[in-house]
Amino acid sequence: MSITLNPQILLDAYYQGIFPMTDPRDGYTYWYDPNPRTIIPLDTFHVPRRLERTIRQNKFEVRFNTAFSEVLHKCAEPRPKREETWLSPELIKIYEVFHEQGLAHSVETWQNDSLVGGVYGIALGGFFAGESMFSRVTDSSKVALVTLLRHVKSRGYQLFDVQFSTSHLKRFGAVEMPRFIYKKRLAEALKLSCQFI
């Protein structure tokens, strides 16, 4: 079903475990509520050994929320094997509103004061929805993702949603679960009062 979006509609959807994606073929935005649903367990996520070594070498400066809009727009740019994006201008505007309201956050990786990678998502209660990430330098987005996972775990978040399973996310321990179990875990996570920053 096509939808007309505004911040409140999108926020209500997140509280129900539903998220939007714009179909670049027709320009319409649709609701998604996949079954199974994919999460990265915060107690058992995996950091590949080589990536852990990269993190220890401090190849990147990691910052929080210093270039949220830039991260959004870079996530929406075409990339190899994906010339079109689900992240429409309409969605970008709403996520920027969420950022202004303290609900959306970015983790960025920098080299020589240049933004080279990042990830952004939505934080509600003890729930974090990882939405998208980009990389311009090898491992830059992976370092941002691991930093984000460790950060939300340290802040007491209980559920880290990544929507769909991919081979990339499986490297970090992503698992699928039936939708009804996900919805129960979401309801419990939303009862918490975690602070991202």
Side-chain angles (χ1 to χ4, degrees), residues 19 21 36-87 91-92 95-96 98-99 102-124 126-177 189 194-197:
F19 58 90
M21 296 179 78
R37 189 67 166 255
T38 304
I39 69 164
I40 297 180
L42 292 172
D43 288 334
T44 59
F45 69 85
H46 174 69
V47 182
R49 187 177 304 164
R50 187 185 63 78
L51 181 60
E52 187 66 77
R53 186 164 58 247
T54 297
I55 293 171
R56 288 197 304 268
Q57 291 170 347
N58 293 316
K59 293 182 176 181
F60 304 99
E61 178 188 357
V62 181
R63 304 177 190 172
F64 290 79
N65 288 336
T66 65
F68 182 84
S69 186
E70 278 187 77
V71 170
L72 268 182
H73 284 87
K74 288 184 182 297
C75 286
E77 289 176 359
R79 62 187 78 169
K81 298 182 180 179
R82 197 206 71 181
E83 294 301 314
E84 299 172 317
T85 179
W86 64 270
L87 193 51
L91 285 172
I92 287 173
Y95 288 129
E96 287 176 335
F98 285 168
H99 179 62
L103 302 176
H105 305 278
S106 61
V107 180
E108 310 124 18
T109 46
W110 299 77
Q111 283 186 332
N112 302 317
D113 277 331
S114 293
L115 179 62
V116 295
V119 58
Y120 84 93
I122 308 299
L124 301 170
F127 162 75
F128 194 95
E131 288 296 320
S132 189
M133 54 187 173
F134 82 96
S135 177
R136 296 293 180 269
V137 174
T138 300
D139 289 337
S140 58
S141 63
K142 295 175 186 174
V143 170
L145 176 60
V146 170
T147 301
L148 174 58
L149 289 166
R150 288 174 170 167
H151 180 74
V152 296
K153 180 181 179 182
S154 74
R155 292 284 177 162
Y157 286 79
Q158 296 297 306
L159 185 61
F160 192 95
D161 175 39
V162 292
Q163 303 169 349
F164 300 108
S165 182
T166 67
S167 58
H168 173 70
L169 292 172
K170 286 179 180 178
R171 294 190 190 104
F172 296 92
V175 297
E176 293 181 331
M177 62 177 55
C194 300
Q195 298 297 317
F196 186 84
I197 297 295

Close side-chain approach of [X] and [Y], heavy atoms under 4.5 Å:
| X | Y | answer |
| --- | --- | --- |
| S141 | F134 | no |
| R63 | L115 | no |
| E96 | H73 | yes |
| Y95 | S69 | no |
| V152 | H105 | no |
| Y120 | L87 | yes |
| F60 | V137 | yes |
| H99 | N65 | yes |

### Query
Could you walk me through whether E108 and K74 pass the side-chain contact (heavy atoms from CB on, under 4.5 Å) check?
CA-CA 11 Å; E108 310 124 18; K74 288 184 182 297; over 6 Å; no

_Rounded at 0.5 Å granularity, tell me how far CD in E131 sits from CD in Q163._
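So the gap between those two atoms works out to 5.0 Å.
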
Residue pair [X] / [Y]: nearest heavy atoms and the distance that separates them:
| X | Y | value |
| --- | --- | --- |
| K153 | L42 | CD-O, 3.1 Å |
| E176 | S165 | OE2-CB, 3.4 Å |
| T38 | A174 | CG2-CB, 3.8 Å |
| G117 | S140 | CA-OG, 3.6 Å |
| G118 | V71 | C-CG1, 4.2 Å |

Quiz item: Taking atom CD of Q195 as the centre, does the number of heavy atoms from other residues, nucleotides or ligands within less than 6.0 Å exceed 12?
Solution: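 Atom CD in Q195 is not packed in, count stays at 12 or less.
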
Considering only NZ, NE, NH1 and NH2 on the basic side and carboxylate oxygens on the acidic side, decide whether E77 and R136 come within less than 4.0 Å.
->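 Answer for the salt bridge query: yes.
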
| request: Return each pair, listed once, that meets ring pair (Phe, Tyr, Trp, His ring centres under 6.0 Å) where at least one residue sits in residues 145-167; pairs must be two or more places apart or across chains. | output: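 Output for this query lists F19-F164, F64-H151, F128-F160, H151-F196.
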
